[in-house]
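Here is the structure we will look at.
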Amino acid sequence: MTKGGRNLTILGVVSVVVTLVLTTISLTIYRVSGDIYLDRSRPGYLPDEEEVREEENDPEGNYDFSQTGEITMEVLDEYLEKLEVEIRAIDAYAEPFSEEALSDEKLGI
């Protein structure tokens, strides 16, 4: 093996070791800090009781068409009524397409 080939092999092994060490450290911090339990993208995540109550008590909620059934004028009118509420909420922003519209306060986070 040439000197350049040996150096390239050493570089590859060192980079893999560094990657494994840093990944292990970051996952350990993730677990120790408790953030692993708050990650909503994990399968099996259960919302807090407060969040469930908020969803149940929210009369507006999200509107979905029935997955089975016809789209009648009544269903369409109900959907348009719900859509109008959302449009009015967006129009209430001073600048609906500014960065402020995505602030934590506006999003209710």
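Keep in mind that the numbers below use all heavy atoms, side chains included, and drop hydrogens, waters and symmetry copies.
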Quiz item: Would you call Val14 and Val17 a side-chain contact if the rule is heavy atoms closer than 4.5 Å?
Solution: no
Practice problem: Report yes if some heavy atom in the side chain of Leu27 is under 4.5 Å from a heavy atom in the side chain of Arg31; otherwise report no. | Solution: no
Quiz item: Are Val16 and Leu8 co-members of a hydrophobic cluster defined by side-chain heavy atoms under 4.5 Å apart?
Solution: no
If I take atom [atom1] from residue [X] and atom [atom2] from residue [Y], how far apart are they, to the nearest 0.5 angstrom?
| X | Y | atom1 | atom2 | value |
| --- | --- | --- | --- | --- |
| Leu80 | Met73 | CG | CE | 8.0 Å |
| Glu84 | Asp77 | CD | CG | 12.5 Å |
| Leu20 | Ile25 | CG | CD1 | 11.0 Å |

Quiz item: Quick check: are there more than 12 heavy atoms from other residues, nucleotides or ligands sitting under 6.0 Å from CD of Glu81?
Solution: no
Quiz item: In chain order, what residues pass the side chain to side chain contact (heavy atoms under 4.5 Å, CB included) check against Thr24, with sequence neighbours excluded?
Solution: Thr28
Self-check item: Atom of Ser15, atom of Gly12 and distance for their closest heavy-atom approach
Solution: OG-O, 2.8 Å
